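Read the structure below first, then the notes.
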Amino acid sequence: MKYKRILLKLSGEALMGEKQFGIDNKRLMQYAKDIKEISEMNVEIGIVIGGGNIFRGVQAEKGGMDRTQGDYMGMLATMINSMALQSALESIGLITRLQSAIEMKQIAEPYIKRKAVRHLEKGRIVIFGAGTGNPFFTTDSAASLRAVEIESDVILKGTRVDGVYDSDPEKNSNALKFDSLTFDQAYDKQLKIMDMTAFTLCKENEIPVVVFDMNSPGNLKKVILGDKIGTLVTI
Ligand code: GTP
């Protein structure tokens, strides 16, 4: 097993599956089962999930909405996804705790780093909702921040493409995939792996990032076992 403690970043948009908005139950359950597989291998799992299937703060700003307001709405969207994921995980027998960066005591524990680490040590899956709790940050930044805080071995960024390419593989059929890269190479080539805040946090704290296709069942386990799938970004 390559990693003992991970921070799994899931895309909110991917949760839509075949649908135009909201949550596709089939995709949600696929994620839950993939997470169960690695939980049974005693991997300690923290999860951050985006909210793009419900609301995107950046786009709302383009429509004239105040950015701060839009970002807070996006954070609430991540809570909806987090709650859905928590339910899905619990429905197949996993023990979870949901912590929120914005206090909403009736539905989640407040984010407390020490408590999160204790949960992980006890084998509970911890979902970190509401991003960083601050506007002007992305859920990738939240994932990086939580990964640093809980001393995760790695960030596993689950996407719908199977790694980092030199150009958009959905637009260019000749796009070349990287098996591994350093943070500096990714920066020099201006590859968009995460936003710069998230990217810098990972680099400075020497947390590797694996970008992989989360929509193929079984891939998560392969990454944990050290199989060469996706793209590994290291210092
Ligand atoms: P240990 O202290 O390690 O036993 O962890 P624990 O999570 O089992 O203990 P705790 O008594 O803190 O939590 C029991 C349950 O209450 C868990 O499902 C928590 O997620 C939940 N819980 C704890 N604090 C809060 C809170 O502030 N709000 C909400 N909504 N739930 C909470």
Side-chain angles (χ1 to χ4, degrees), residues 1 3-12 14-15 22-23 25 27-55 57 68-135 137-158 207 214 220 224:
M1 209 162 73
Y3 307 111
K4 180 81 187 80
R5 178 176 294 173
I6 64 156
L7 192 297
L8 175 64
K9 163 75 204 310
L10 295 173
S11 143
L15 265 196
I23 299 168
N25 206 47
R27 177 60 54 73
L28 186 66
M29 289 315 296
Q30 181 229 314
Y31 284 0
K33 284 178 192 150
D34 277 336
I35 292 164
K36 184 172 187 174
E37 271 192 339
I38 64 163
S39 177
E40 284 169 346
M41 294 158 68
N42 295 325
V43 177
E44 296 177 359
I45 308 164
I47 303 174
V48 168
I49 184 158
N53 53 325
I54 299 170
F55 192 84
T68 307
Q69 184 85 340
D71 281 350
Y72 278 118
M73 290 169 73
M75 289 178 238
L76 296 182
T78 72
M79 279 305 286
I80 292 175
N81 286 338
S82 297
M83 291 168 74
L85 184 64
Q86 180 176 39
S87 287
L89 293 169
E90 289 184 341
S91 77
I92 52 172
L94 295 168
I95 299 174
T96 68
R97 293 289 185 267
L98 171 58
Q99 295 197 341
S100 173
I102 297 173
E103 272 205 34
M104 37 185 112
K105 280 197 176 157
Q106 286 78 1
I107 51 177
E109 298 178 18
Y111 171 66
I112 298 168
K113 182 239 162 173
R114 283 169 182 270
K115 210 163 159 62
V117 169
R118 193 83 188 99
H119 290 323
L120 292 172
E121 287 168 354
K122 289 187 175 176
R124 299 163 180 158
I125 296 170
V126 184
I127 305 171
F128 300 105
T132 68
N134 296 294
F137 291 92
T138 61
T139 45
D140 274 351
S141 294
S144 307
L145 179 62
R146 296 300 178 236
V148 175
E149 290 184 275
I150 66 169
E151 296 179 41
S152 174
D153 298 331
V154 68
I155 294 179
L156 304 183
K157 185 173 153 94
I207 296 195
M214 181 70 196
L220 181 60
I224 295 294

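Numbering of ligands and ligand atoms starts at 1, following listing order. Throughout, residue positions are numbered sequentially from 1 according to the sequence presented. Worth saying up front: this structure is predicted, and the values here are computed from it rather than measured.
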Please give me the minimum heavy-atom distance between S91 and M29, naming the atom from each residue. OG-CE, 3.6 Å
S144 side chain to S141 side chain, donor-acceptor N/O pair below 3.5 angstrom: no
Quick one: CD1 on I224 to CD1 on I45, what's the gap to the nearest 0.5 Å? 7.5 Å
Would you say H119 touches ligand 1, if touching means a heavy atom closer than 4.0 Å? yes
Stepwise side-chain contact (heavy atoms from CB on, under 4.5 Å) test for L10 and N81: CA-CA 10 Å; L10 295 173; N81 286 338; over 6 Å; no
Which residue and atom name correspond to the protein heavy atom nearest atom 12 (O) of ligand 1, and how close is it? K115 NZ, 2.8 Å
On a heavy-atom basis, the closest approach of I155 and A147 is CG1-CB, 3.6 Å
Looking only at protein heavy atoms, identify the closest one to atom 25 (C) of ligand 1 and say how far it is in Å. E109 CG, 3.5 Å
Residue and atom name of the nearest protein heavy atom (relative to atom 3 (O) of ligand 1), distance in Å to one decimal: K122 NZ, 2.5 Å
Considering all protein heavy atoms, does one lie under 4.0 Å from atom 1 (P) of ligand 1? yes
With a 4.0 Å heavy-atom cut-off (strictly under), which part of Q106 contacts ligand 1: side chain, backbone, both or neither? backbone
Quick one: does ligand 1 sit under 4.0 Å from the side chain of L98, the backbone, both or neither, non-hydrogen atoms only? neither
Spell out, as yes or no, whether a donor-acceptor pair under 3.5 Å connects the side chain of R146 to the backbone of L7. no
Within the distance-only criterion (no hydrogens, no angle test), does the side chain of D153 pair as donor or acceptor with the backbone N or O of K4 below 3.5 angstrom? yes
Nearest non-hydrogen protein atom to atom 29 (C) of ligand 1, with distance, is K105 O, 2.9 Å
Any heavy atom of R124 closer to ligand 1 than 4.0 angstrom? yes
Considering only the protein, which heavy-atom contact is closest to atom 14 (C) of ligand 1, and what is its distance? R97 NH2, 4.7 Å
Numbered in order shown, the ligand 1 atoms found under 4.0 Å of a heavy atom of P110 are 27 (O)
Gap between atom CG of L89 and atom CG of L98 - 0.5 Å precision: 10.5 Å
